[in-house]
Amino acid sequence: MFGLVDCNNFYASCERVFRPELEGRPVVVLSNNDGCVVARSQEAKALGLKMGVPYFQVKAEFEQRGGVACSSNYELYGDMSRRVMWYLQQRAPAVEIYSVDEAFLDLHGMQQHFDLAGWAGDVRGAVRQRTGIPVCVGVAPTKTLAKVANRLAKKDALAGMGAGVLVLDDEAQRREALSRVPVQDVWGVGHKNAGKLYAVGVRTAAQLAGVGDAWARKNLGGVVGARLLHELRGFSCSGVVVEPDVRKSVCKSRSFGQVLSEMEQVAGAVATHAARAGEILRHDGLAARLLTVTVETSRFANMPPPYSSSAQLTLPVATDDTLTLTKWAQRGLERIWRPGLRYVKAGVVLDGLERAGVNQQASLFGDVATSPARAKLMRALDALNGRFGTGAVKVAAAVPAPGTREPWGMRRNAKSPAFTTKWGELWQVKC
DNA sequence: TCTGGGGTCCTAGGACCC
DNA sequence: TCTGGGGTCCTAGGACCC
């Protein structure tokens, strides 16, 4: 059996842990630049706010009805996530941290020793007590069915039924559960496939489990679709993965806080992303052979039509050196730059990752990136930024003009403190 | 005025190589 | 008259997940 623990309204719940005055009020958390609604408390959902809606479209009414909007605070959410995951790891023999707010638990063999519903309810209560985060738990013979069980546990808890826990352990329960889930809510069925399924009259997960294998293979992404059907029918096709795979890419991209048209300013953003990506490579002991730079103008403007472009460069030697990555990133930007446009976003992607220092062919001309002195410089850079904060030491291209703040910097008008990760922002208790 | 970020996996065509 | 097979690199896009 598999368990799926999913935090309820995770980002909004994190905000509430340290701001109890938000309890009972509609709360939303906004994406970077305070752009879109990315998390909603139950009260905000009840007001009809949709996931992903641009905040400016709903702001006036939401605030007038007593709603509170928070800028995203990923430092806080990351730390709260670590607390939840750490506790789950104490309770289950194997845990797959699937996302910031979800984990699969390996419960094989446990039903012989525990009443799983009771056990899951206990875990749920303990997570709430220890971290302040409410969760729901689904338990079933496959990961896909555990997702279904979790979804129904949440729905029932909201309707005042059940205890935020649902175990599907026999055929009748499985069938009943699948009949209650719309096909577009099944894990692995996205927007496009839901459309195809509706077109042939498949509306529920139960109906999906009954479509022919050949049809699924042809229309739902080949082997991916076939696996999905098996899992819905109760045959497990994937286990709990405790060790995450070695990463295959690093992507750093961000919308600017304002429209930019000067290459020097966009270059500053690109240099910042290249440096952050380099930091991640060094942290993971990896080096990149391919570097892609991307830029975009607004997708929502009609005149001039939206422009987006990318340039992929093959580096002569795989590297994790920030100065080298920055240099190549600037070249990439020059290749795709079109003057006179209103850019809103830029990014850097690193692919072709290999273990740093292993199997790297030296360049004919002795690329400086492989030199021990440069490796030492990078260690010093990381140590300084670790001690004094990200961006304490930067490449010159990422430094804004004297006396100005970063023109590409984010808007974040309502960010809560880093309650758990910065000494200066700890919760204050007044006696 | 204002519309997120970070991933994985797959497909496909053109240029080029042997 | 008969015109291959296998590979990489690049760009672009589509599907899915959170």
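Everything numeric in this text was worked out from a predicted model, so none of it was measured. So you know, we letter chains A, B, ... as the sequences are listed, proteins then strands, and number each from 1. Values below: every heavy atom of this structure, side chains too, minus hydrogens, waters and symmetry copies.
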**Student:** Main chain of A:L281, side chain of A:D320: is a donor-acceptor contact present, judged purely on distance under 3.5 Å?
**Tutor:** no
**Student:** At under 4.0 Å, does any side-chain N or O of A:S255 touch on OP1 or OP2 of B:dT3?
**Tutor:** no
**Student:** Apply salt bridge (Lys or Arg N to Asp or Glu O under 4.0 Å) to residues A:R247 and A:D351 and explain how you reach the verdict.
**Tutor:** CA-CA 9 Å; A:R247 67 158 73 238; A:D351 288 293; over 6 Å; no
**Student:** Compare side-chain N and O positions of A:N193 against OP1 and OP2 of C:dC16 and report whether any pair is under 4.0 Å apart.
**Tutor:** yes
**Student:** A:V250 near the nucleic acid: base, sugar-phosphate alone, or nothing, with a heavy-atom cut-off under 4.0 Å?
**Tutor:** sugar-phosphate
**Student:** Using a 4.0 Å heavy-atom cut-off, does A:V344 contact any base of the nucleic acid, only the sugar-phosphate backbone, or nothing at all?
**Tutor:** nothing
**Student:** Tell me the interatomic distance from A:I336, atom CD1, to C:dT11, atom C1', rounded to whole angstroms.
**Tutor:** 12 Å
**Student:** Taking 4.0 Å as the cut-off, does a side-chain nitrogen or oxygen of A:R247 come that near to OP1 or OP2 on B:dG7?
**Tutor:** yes
**Student:** Base, sugar-phosphate, or nothing for A:D34, non-hydrogen atoms under 4.0 angstrom?
**Tutor:** nothing
**Student:** Are any non-hydrogen side-chain atoms of A:T272 and A:W408 less than 4.5 angstrom apart?
**Tutor:** yes
**Student:** Expressed as a whole number of angstroms, how long is the span from A:D101:CG to B:dG5:C1'?
**Tutor:** 15 Å
**Student:** C:dT11, OP1 or OP2 - any side-chain N/O from A:R335 closer than 4.0 Å?
**Tutor:** yes
**Student:** Identify whether NZ of Lys or CZ of Arg in A:R331 sits under 6.0 Å from the centre of the six-membered ring of A:W328 and within 45° of that ring's axis.
**Tutor:** yes
**Student:** Side chain of A:N32 only, heavy atoms from C-beta on: which candidate in B:dG5, C:dC9, C:dC17 is closest?
**Tutor:** B:dG5
**Student:** Answer yes or no: does a side-chain N or O of A:K345 lie under 4.0 Å from OP1 or OP2 of B:dG4?
**Tutor:** no
**Student:** Are A:S310 and C:dA12 close enough that a side-chain N or O sits under 4.0 Å from OP1 or OP2?
**Tutor:** yes
**Student:** Taking only the side-chain heavy atoms of A:S99 (C-beta and beyond), determine which of C:dC18, B:dG4, B:dG7 contains the nearest atom.
**Tutor:** C:dC18
**Student:** How long is the line joining CG of A:L350 and P of B:dG7, in whole Å?
**Tutor:** 10 Å
**Student:** For the pair A:Q207 (side chain) and A:V202 (backbone), establish whether a donor and an acceptor sit closer than 3.5 Å, ignoring hydrogens and angles.
**Tutor:** no
**Student:** Ring centres of A:Y77 and A:Y11 under 6.0 Å apart?
**Tutor:** yes
**Student:** How long is the line joining NZ of A:K248 and P of C:dC16, in whole Å?
**Tutor:** 20 Å
**Student:** Starting from C1' on C:dC17, measure out to CG on A:D185 and report it in whole angstrom.
**Tutor:** 14 Å
**Student:** Answer with base, sugar-phosphate or nothing: what part of the nucleic acid does A:K147 contact at a heavy-atom distance below 4.0 Å?
**Tutor:** sugar-phosphate
**Student:** Look at A:S72 and B:dG4 and indicate whether a side-chain polar atom (N or O) is within less than 4.0 Å of OP1 or OP2.
**Tutor:** no
**Student:** Can you identify which nucleotide, out of B:dG4, C:dC16, B:dG6, has its nearest atom closest to the A:S253 side chain?
**Tutor:** B:dG6
**Student:** Measure from the side-chain N and O atoms of A:S236 to the backbone N and O of A:T142, and report whether any donor-acceptor pair falls under 3.5 Å.
**Tutor:** no
**Student:** With a 4.0 Å cutoff (strictly under), does any side-chain N or O of A:R299 reach OP1 or OP2 of B:dG4?
**Tutor:** yes
**Student:** If each of A:R411 and A:D351 is mapped to the nucleotide of DNA chain B with the nearest heavy atom, which maps nearer the 5' terminus, i.e. the 5' end?
**Tutor:** A:R411
**Student:** Go ahead and write out DNA chain B as dot-bracket, 5' to 3': ( ) for pairs within the strand, [ ] for ones crossing earlier pairs, | when the partner sits on another strand, dots for unpaired; Watson-Crick or G-U wobble, both distances under 3.5 Å.
**Tutor:** ....||||||||||||||
**Student:** Using a strict 4.0 Å threshold on nitrogen-to-oxygen distance, state whether A:D382 and A:R282 make a salt bridge.
**Tutor:** yes
**Student:** Would you give the length of the straight line joining atom CG of A:L384 to atom NZ of A:K394, rounded to the nearest 0.5 angstrom?
**Tutor:** 14.0 Å
**Student:** Within this structure, what is the CG-to-C1' distance between A:N219 and C:dC16, rounded to whole angstrom?
**Tutor:** 16 Å
**Student:** Across the strands shown, which category fits A:V186 at heavy-atom distances under 4.0 angstrom: base, sugar-phosphate, nothing?
**Tutor:** sugar-phosphate
**Student:** Counting just side-chain N and O atoms, does A:K192 come under 4.0 Å of either OP1 or OP2 of C:dG14?
**Tutor:** no
**Student:** From CG of A:L281 over to P of B:dG7, roughly how many Å is that when rounded to an integer?
**Tutor:** 11 Å
**Student:** A:L290 near the nucleic acid: base, sugar-phosphate alone, or nothing, with a heavy-atom cut-off under 4.0 Å?
**Tutor:** sugar-phosphate
**Student:** Quick check, are the ring centers of A:Y307 and A:W337 under 6.0 angstrom apart?
**Tutor:** no
**Student:** Is the shortest distance from a Lys or Arg side-chain nitrogen in A:D106 or A:K143 to a carboxylate oxygen in the other one below 4.0 Å?
**Tutor:** no
**Student:** In whole Å, I'd like the distance from the CD atom of A:E231 to the P atom of C:dC16.
**Tutor:** 17 Å
**Student:** Which residues, if any, of residues 44-70 of chain A bring a heavy atom under 4.0 Å of DNA chain B?
**Tutor:** A:P54, A:F56
